[in-house]
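Take a look at the structure below.
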Amino acid sequence: CAVYPVATDAARTSTLFPLIKGWFEKHFEIRDLVLDGNLAENESIDGCRGGVIFLLGCSYAVMSHLECRNYNRDGVSYQQCYDILTEDCDVHHCSGNGLHPGSGTILSTIRNCHIHHNDADGVFYCLRTQYLTLENCLIEDNHRFGITVGHHDHYTDIIGNTIRNNGWEGLFFRNDLVPYGSGSYSTVAHNRFENNGYTDDEKRVSEIHFTSAVKGLRVYDNTVIND
């Protein structure tokens with residue numbers, strides 16, 4: 001019989017909320033707002049359960065002409081969603097990721113967005129994000145990856161974006177124990193990768209990095225610049 005000490009005076013609870021939350025809603029739009037999370041005065045909430053905007057199980061939604069800033073974790077997070085359009089949004093200075101589509105989200109589009117100066121990744125593809133189009137976005141000056149793709153994030157199109165001056169790789173395919181488990185059957189085309197992965201003016205990493213095998217991936221007509 002094992003006895004474990006319990007720190008009875010260390011427990012605490014916090015009441016934390018997204019600025020805008022949608023659970024299992026359909027056919028709606030969020031437009032023309034400036035949303036400031038007042039980062040310095042609020043504790044962090046996990047990006048799988050919160051964000052400046054957090055959607056769970058929603059479908060046929062549009063998020064357009066929004067500025068999402070200064071939140072203590074992710075900017076825009078949507079999980080288990082279908083057909084979500086995020087366009088013409090400015091997502092910046094959040095302590096986590098800029099955009100976080102995940103947990104089985106399919107058939108969605110992110111376009112014409114500016115995603116910058118976030119403390120983690122610009123765009124973080126979470127679990128089973130499939131048939132997602134990321135196009136014509138400017139993704140810059142994020143602390144870690146510009147874009148990162150992971151477990152069963154298949155059939156994604158990354159087209160016509162500019163990914164520059166991010167702290168780590170511009171595009172990173174995360175390691176997966178499942179064969180061909182990260183980013184297979186996807187297209188990476190007509191993007192501009194510029195000066196990602198510099199530390200103290202020294203190049204540390206590659207612009208595009210694969211840590212595990214992928215299948216059916218097409219990479220073509222991209223521009224890579226290292227000044």
Side-chain angles (χ1 to χ4, degrees), residues 44 46-48 51 71 73-77 90-102 110-111 113-130 132-227:
S44 177
D46 186 272
C48 291
Y71 189 78
R73 203 56 179 260
D74 292 353
V76 178
S77 175
D90 185 5
V91 184
H92 63 96
H93 289 97
C94 296
S95 71
N97 303 301
L99 270 73
H100 177 175
I110 301 167
R111 69 183 179 212
C113 291
H114 189 194
I115 306 160
H116 60 103
H117 293 98
N118 298 290
D119 288 348
D121 307 325
V123 180
F124 176 77
Y125 288 68
C126 195
L127 175 69
R128 294 179 291 106
T129 302
Q130 300 184 1
L132 188 146
T133 299
L134 175 65
E135 60 183 356
N136 299 326
C137 293
L138 175 55
I139 304 167
E140 61 178 344
D141 294 304
N142 298 287
H143 185 71
R144 300 194 316 196
F145 304 114
I147 305 165
T148 176
V149 177
H151 182 65
H152 283 188
D153 295 332
H154 299 327
Y155 307 101
T156 185
D157 292 331
I158 300 173
I159 308 291
N161 304 282
T162 297
I163 304 102
R164 67 188 185 194
N165 300 327
N166 297 285
W168 298 358
E169 285 87 348
L171 173 57
F172 187 83
F173 289 80
R174 301 191 298 274
N175 189 34
D176 202 302
L177 298 178
V178 178
Y180 312 114
S182 177
S184 290
Y185 311 107
S186 297
T187 299
V188 180
H190 309 298
N191 300 286
R192 181 183 178 94
F193 294 91
E194 184 176 353
N195 296 330
N196 295 289
Y198 276 87
T199 301
D200 298 327
D201 296 324
E202 182 178 349
K203 183 73 170 175
R204 299 289 185 181
V205 296
S206 58
E207 294 288 337
I208 303 174
H209 188 96
F210 303 91
T211 59
S212 60
V214 296
K215 180 187 291 186
L217 178 69
R218 299 181 298 167
V219 181
Y220 62 91
D221 289 344
N222 298 283
T223 299
V224 176
I225 297 176
N226 291 145
D227 294 336

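This is a predicted model, so every value here is computed, not measured. All values below were derived from every heavy atom in this structure, side-chain atoms included, with hydrogens, water molecules and symmetry-related copies excluded.
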* Asked: Within a radius of less than 6.0 Å around CZ of Phe210, do more than 12 heavy atoms belonging to other residues, nucleotides or ligands occur?
  -> yes
* Structure fact -> Of all heavy-atom pairs linking Asn118 and Val91, the shortest is ND2-O, 3.4 Å
* So, Asn191 side chain and Ile163 main chain: donor-acceptor pair closer than 3.5 Å or not? -> no
* Asked: By salt bridge (charged side-chain N to carboxylate O under 4.0 Å, His left out), which residues pair with Asp46, not counting sequence neighbours?
  -> Arg73
* Can you run down the salt bridge (charged side-chain N to carboxylate O under 4.0 Å, His left out) pairs that involve residues 176-199, sequence neighbours left out, and say none if there aren't any? => Arg192-Glu194
* Structure fact -> Asn166 and Arg144 have their tightest heavy-atom pair at CB-O, 3.6 Å
* In terms of side-chain heavy atoms, does Arg111 have a donor or acceptor partner in Thr133 at a distance below 3.5 Å? -> no
* Could you go through the side chain to side chain donor-acceptor pair (under 3.5 Å) check for His190 and Glu135 one step at a time? => CA-CA 10 Å; His190 309 298; Glu135 60 183 356; over 6 Å; no
* Would you say the side chains of Asn196 and Glu207 form a donor-acceptor pair under 3.5 Å? -> yes
* Centroid-centroid distance, His117 to His92, less than 6.0 Å -> no
* Walk me through it: do Asn195 and Arg164 pass the test side chain to side chain contact (heavy atoms under 4.5 Å, CB included)? => CA-CA 6 Å; Asn195 296 330; Arg164 67 188 185 194; 5.8 Å; no
* Asked: Looking at Asp90, Leu138, Ile139, which one forms a side chain to side chain contact (heavy atoms under 4.5 Å, CB included) with His116?
  -> Asp90
* Flag, side chain of Thr156 to backbone of Gly183, donor-acceptor distance under 3.5 Å -> no
* Asked: Can you name the nearest heavy-atom pair linking His100 to Asp74, along with the distance?
  -> ND1-OD2, 2.7 Å
* Taking the six-membered ring for Trp, are the ring centroids of His93 and Tyr71 within less than 6.0 Å of each other? -> no
* Asked: Is there a donor-acceptor contact under 3.5 Å from the side chain of Asp153 to the main chain of Arg128?
  -> yes
* Look only at the side chain of His154 and the backbone of Ser184, and say whether a donor-acceptor pair between them is shorter than 3.5 Å. => yes
* To do: Could you tell me which non-hydrogen atom of Leu217 sits nearest to which non-hydrogen atom of Thr187, and how far apart they are?
  => CD1-N, 4.4 Å
* Asked: Ignoring hydrogens and geometry, is there a side-chain-to-backbone donor-acceptor pair from Asn161 to Asn136 under 3.5 Å?
  -> yes
* **Shortest non-hydrogen contact from Phe193 toward Val188** => CZ-CG1, 4.3 Å
* Asked: Does Ser95 reach the main-chain N or O of Asp119 with its side chain, forming a donor-acceptor pair under 3.5 Å?
  -> no
* Asked: Shortest non-hydrogen contact from Cys94 to Gly75?
  -> SG-CA, 3.7 Å
